[in-house]
Colleague: 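First the structure, then my questions, so here it is.
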Amino acid sequence: MIYLDNAATTKMFDGCVKVYGYYACEEYFNPSSMNRYSLKVAKDLEEVRKRIVSKLGHTKGTIIFTSGATESNNLAIMGSKRNGKWEYVFSVGEHPSVYNVAKELEMQGNIIHFVGLQPNGQIDYQELREVLNEKTRLISIMHVSNETGAINDLKLICDIKKQFAPNSLLHVDGVQAFCKIPFELKNYDVDFYTISAHKFHGPKGVGGLYVKNINSLKSIVYGGGQELNLRSGTENVPGIMAMDYAIQHIDINKNFEKVNELKEKFSSILKSDANVNIFESASPYILTIGFNGVNGETLMRALQDKDIVVGTGSACSTKKAGNRVLENIGMNKEEIKTHIRISFNADLTLQEIEKAGKIILQVYNDIREKIN
Ligand code: PMP
């Protein structure tokens, strides 16, 4: 099988499974208990927090461990909400774990602004300038789009925030960026940054929220006060330690170069067919591709029979978030339906990519012939 849906999830590293097993069956102690075995586990978690902050390229702040990005996004948004006449700003390109929280805030009577997208998939920075003011409490904008692979300019967003919304906090959903795109968080004035382990070869159901200043956040889950009083519940120690293994074993720069090479090769094969439209994304990990005259979902199913797995996040249903994103970069409904999403990982080989590219073109043309 050639798996090209790595933005949905990745295969766990073998080493993560070993670490998971070790902390599940050997060092299985509750980090909040007072026995010396538990204290050792608690110390291990503290070290992981520091290592993640350092991998993010920061020296300040900490990590709150969560059950994944959906929870981290909910915590950042709902946890920074304050009573009174505050306003909240999101982009229309956000993942449902941000977008639907924004909708909930709106239902609760808060003032919400949605900033649109440019044709290149990045947010519309001018619109951002226009909606910000001194009452803005939170800006939540993703780093890399899971739909298009567009990379938002964090530096510019921070500059705009400083100028137009001096009292605001900035949350960034970094799920498709962390451990993939080289960056140093210390270069940006980001208050909260979301990560999810299963997008970088760690386990599912574990992630974190980077928090620059814990006083800017309130808990949304009440209980025993674990996680610096910001997220109660016994920590998923095996999951966190396995996530740490993945983080330690990823060479971001090396992988970035390799995946770029894969993407270039793949694009050049697909571009040989004039009926294929490639959305030029900035992240090498994600490619959104339109196949004129063919439904993306039909293509995805036909490719499955050839053992090639691709994503259709954007294509299948009008209810899906993908439509919202592609619509906002200027595609019409018919065009959107023709799209599939290809997402790479650094373990793929050039041979696999060449093979997949050729099969995709073949299957596409077979479907077109049948239709016509
Ligand atoms: N944000 C983005 C940008 C994502 O791509 C995803 C996963 N599709 C999520 C959030 C949700 O991640 P999780 O599965 O860890 O809840």
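These numbers come from a predicted model, not from an experiment. For ligands, and for the atoms within them, numbers begin at 1 and follow the listed sequence.
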Colleague: Near Met142, which atoms of ligand 1 are under 4.0 Å from a heavy atom of that residue?
Modeller: 3 (C)

Colleague: Among all protein heavy atoms, pick the one closest to atom 4 (C) of ligand 1 and tell me residue, atom and distance.
Modeller: His95 CD2, 3.4 Å

Colleague: Would you mind running through ligand 1 and noting each atom that sits below 4.0 Å from a heavy atom of Gly68?
Modeller: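 So the answer, numbered in order with elements, is 15 (O).
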
Colleague: Of the protein's non-hydrogen atoms, which lies at the shortest distance from atom 15 (O) of ligand 1, and what is that distance?
Modeller: Ser196 OG, 2.6 Å

Colleague: Have Ser97 and Asn73 got a donor and an acceptor in their side chains that come within less than 3.5 Å?
Modeller: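 The answer is yes; a qualifying pair exists.
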
Colleague: Give me the atom names and distance for the closest heavy-atom approach of Ile336 to Glu327.
Modeller: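 Heavy-atom minimum between the residues: CD1-N, 3.6 Å.
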
Colleague: Nearest protein heavy atom to atom 7 (C) of ligand 1, by residue and atom, and its distance?
Modeller: Lys199 NZ, 2.6 Å

Colleague: If you take the nearest heavy atom of each of Asp173, Val144, Asn146, Asn74, which one is closest to atom 1 (N) of ligand 1?
Modeller: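 Looking at heavy atoms only, Asp173 sits closest to atom 1 (N) of ligand 1.
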
Colleague: Of all the non-hydrogen atoms in the protein, which one sits nearest to atom 5 (O) of ligand 1, and at what distance?
Modeller: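 Among all protein heavy atoms, the one nearest atom 5 (O) of ligand 1 is Gln176 NE2, 2.8 Å.
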
Colleague: With a 4.0 Å cut-off, would you call Lys212 and Asp189 a salt bridge?
Modeller: yes

Colleague: Could you label the plane-to-plane angle of the Phe200 and Phe178 rings as parallel, tilted or perpendicular, counting under 30° as parallel and over 60° as perpendicular?
Modeller: perpendicular

Colleague: Any idea which atoms of ligand 1 are less than 4.0 Å away from a heavy-atom of Thr70?
Modeller: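 Selected atoms, number and element: 11 (C), 13 (P), 16 (O).
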
Colleague: Where do Ile63 and Gly208 come nearest, in terms of heavy atoms and distance?
Modeller: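 Looks like CG2-CA, 4.2 Å.
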
Colleague: For Phe344 and Phe266, I'd like to know if the aromatic rings sit close, meaning centre-to-centre distance below 6.0 Å.
Modeller: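 That pair passes the under 6.0 Å test.
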
Colleague: Would you call the rings of His143 and Tyr193 parallel, tilted or perpendicular if under 30° counts as parallel and over 60° as perpendicular?
Modeller: perpendicular

Colleague: For ligand 1, which atoms sit closer than 4.0 Å to a heavy atom of Ser97?
Modeller: 10 (C)

Colleague: Is the distance from the ring center of His95 to that of Tyr99 below 6.0 Å?
Modeller: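 Between His95 and Tyr99, the centre distance exceeds or equals 6.0 Å.
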
Colleague: For atom 14 (O) of ligand 1, what is the nearest protein heavy atom, given as residue, atom name and distance?
Modeller: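 The protein heavy atom lying closest is His198 NE2, 2.9 Å.
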
Colleague: Consider every N or O of Ala69 and every N or O of ligand 1, then say whether any pair is closer than 3.5 Å.
Modeller: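 Yes: some nitrogen or oxygen of Ala69 is under 3.5 Å from one in ligand 1.
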
